[in-house]
Amino acid sequence: MFSGIIEKVTKARYSRGKLYVEKVLDVNLGDSIAVNGACLTVSEIRDQIVFDVGEETLKRTNLAKAKLVNLERALKFGDRIDGHLVTGHVDGTLKLRRVLKRGNTYWLAFEMPKERFGIVEKGSIALNGISLTIAKVEKSQFWVQVIPYTWENTNLKFLKVGEEVNYEIDIVARYLKGILGDRYGLGKA
C-alpha cells in the first residue's frame, strides 16, 4: 500500500522488459516501489534501481514512454497516511486535456475514463501515483486542482497536453463496484 505522497521525481528508461530508474531512494532488493503509481518490485540495484515490468503492466501504464517518474516507497504498518490509500494497481492511462493557472494553483483536466465508476466530485484518485481530489466532473472530462507544493514536487509540471498519466480509482470505489456490480449492473471490478 502507498499513500500517494511522492518522495522523489527522477529519470527513467524502459528497455526489453526492464525499467531503469536513477538511484534516488534508499531501497533493498524485493522492495515494493510505486513508479508513476504502478507497484513494482526492485529486482536489481546497481548505479540504478532496476524493475522487471510485465506485459499487463506495460499494457495499462505509461512506463514504457515515461522519461520522468514519481517514486514512493511502500507504507509500513503504523505509518501516517497523508494522502489516501493507493494500491499501485493501475486501472489504465488518461490523457491530459488542459492546464489552467488560477492564483497560486493549477487546474488540470483529464479525459474521462471509459469506466466512469469512482470518478466523483470530492472523491480520491491517484494520477501518476499522486493522491489527488477530484474537484469537478464534466461529461467527457474531470478536473483536479494542484497546490504549489504538489506542482513543484511531482512530475505533473512537466506534462504536456495530450500526454498520458496512469490512473487508479479510489480503493473504496473499487470494492463497492466489486460488491455491488452484479446486483446493480455495474460490471466487474
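These numbers come from a predicted model, not from an experiment.
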Could you go through the side-chain contact (heavy atoms from CB on, under 4.5 Å) check for Asn166 and Asn62 one step at a time?
CA-CA 6 Å; Asn166 298 330; Asn62 63 7; 2.9 Å; yes

For residues 101-112, the side-chain hydrogen bond (donor to acceptor under 3.5 Å, both in side chains) pairs (sequence neighbours left out) are Thr105-Gln145

Transitive ILVMFWY side-chain link Leu159 to Leu127, under 4.5 Å:
yes

pair Trp151-Ile147: side-chain heavy atoms closer than 4.5 Å:
no

If we only count heavy atoms from C-beta on, is the Asp52 to Ser43 side-chain gap below 4.5 Å?
yes

Separation between CG (Asp79) and CZ (Phe2), nearest 0.5 Å, reads 12.0 Å

Are Phe110 and Ile134 co-members of a hydrophobic cluster defined by side-chain heavy atoms under 4.5 Å apart?
yes

Taking every heavy atom of Asn36 against every heavy atom of Val69, the minimum-distance pair comes out as OD1-CA, 3.3 Å

Salt bridge (charged side-chain N to carboxylate O under 4.0 Å, His left out) filter on Lys11, not counting sequence neighbours, yields none

Answer yes or no: is there an ion pair linking Lys157 with Glu152, defined by an N-O contact shorter than 4.0 Å?
yes

Validation row: Met112, Phe142 side chains within 4.5 angstrom (heavy atoms)
yes

With a 4.5 Å cut-off on side-chain heavy-atom distances among I, L, V, M, F, W and Y, is there a chain of contacts connecting Val90 to Val165?
no

Give a yes or no answer on whether the side chain of Thr154 reaches the backbone of Thr150 with a donor-acceptor pair at less than 3.5 Å.
yes

Flag the pair Phe51 / Val35 as yes when at least one side-chain heavy-atom distance between them is below 4.5 Å, and no otherwise.
yes

For Ala38 and Thr61, work out which heavy atoms get closest and say how close.
CB-CG2, 4.1 Å

Any side-chain heavy atom of Arg46 within less than 4.5 Å of one from Glu44?
yes

Distance (rounded to the nearest 0.5 Å) between Glu22 CD and Leu68 CG:
9.0 Å

Is a side-chain N or O of Tyr14 found less than 3.5 angstrom from the main chain of Gly17, in a donor-acceptor match?
yes

Would you call Glu56 and Lys59 a salt bridge, using N to O less than 4.0 angstrom?
yes

How long is the span from the CG atom in Leu58 to the NZ atom in Lys65, to the nearest 0.5 Å?
11.0 Å

Do Ser3 and Arg80 pass the side chain to side chain donor-acceptor pair (under 3.5 Å) test, and can you show the C-alpha distance, the side-chain angles, and the key distance before you say yes or no?
CA-CA 9 Å; Ser3 69; Arg80 267 183 39 184; over 6 Å; no

Interatomic distance, Tyr167 atom OH to Asp91 atom CG [nearest 0.5 angstrom]:
5.0 Å

Side-chain heavy-atom pair Leu71, Val24 within 4.5 angstrom cut-off
yes

Judged by atom type as modelled, is there a donor-acceptor pair below 3.5 Å linking the side chain of Thr133 to the main-chain atoms of Ala135?
no

Shared ILVMFWY cluster between Ile130 and Ile169, side chains joined below 4.5 angstrom?
yes

Residues in side chain to side chain contact (heavy atoms under 4.5 Å, CB included) contact with Ile45, at least two apart in sequence or another chain
Lys23, Val27, Leu29, Val42

Should Lys95 and Glu163 be marked as a side-chain contact (heavy atoms from CB on, under 4.5 Å) after you check the CA-CA gap, both sets of side-chain angles, and the distance that decides it?
CA-CA 5 Å; Lys95 287 184 181 174; Glu163 288 185 330; over 6 Å; no

Counting N and O atoms only, with roles assigned by atom type, does the side chain of Arg60 sit under 3.5 Å from a partner on the main chain of His89, one being a donor and the other an acceptor?
no

Can you confirm whether Val137 sits close enough to Ile119 that some side-chain heavy atom of one is under 4.5 Å from a side-chain heavy atom of the other?
yes

Stepwise side-chain contact (heavy atoms from CB on, under 4.5 Å) test for Ile81 and Met1
CA-CA 10 Å; Ile81 300 172; Met1 289 298 241; over 6 Å; no

Asp26/Arg73 salt bridge by N-O under 4.0 Å criterion:
no

Measure the shortest side-chain to side-chain distance between Ile125 and Asp170 over non-hydrogen atoms and say whether it is less than 4.5 angstrom.
no

Identify the two heavy atoms, one from Leu19 and one from Ala12, that lie closest to each other, and give their separation to 0.1 Å.
CD1-CB, 4.2 Å

Spell out, as yes or no, whether a donor-acceptor pair under 3.5 Å connects the side chain of Arg98 to the backbone of Trp143.
no

Point-to-point distance, once rounded to the nearest 0.5 Å, from CG of Asp31 to CD1 of Ile49:
9.0 Å

same_hphob_cluster(Val50, Leu63) at 4.5 Å side-chain heavy-atom cutoff
no

Heavy atoms from other residues, nucleotides or ligands near CD of Glu138 exceed 12 (cutoff 6.0 Å)
yes

Nearest heavy-atom neighbours spanning Val161 and Arg97:
CG1-O, 3.3 Å

Got a second to check how far Leu108's CG is from Leu100's CG, nearest 0.5 Å?
8.5 Å

Enclosure of Arg13 CZ (heavy-atom neighbours >12, cutoff 6.0 Å)
yes

Taking NZ, NE, NH1 and NH2 as the nitrogens, is one of them in Lys8 or Glu72 under 4.0 Å from a carboxylate oxygen of the other?
no

side-chain contact (heavy atoms from CB on, under 4.5 Å) between Glu168 and Thr87, worked out:
CA-CA 8 Å; Glu168 178 184 329; Thr87 63; 2.8 Å; yes

Between Asn70 and Asn155, does any side-chain donor sit less than 3.5 Å from a side-chain acceptor?
yes

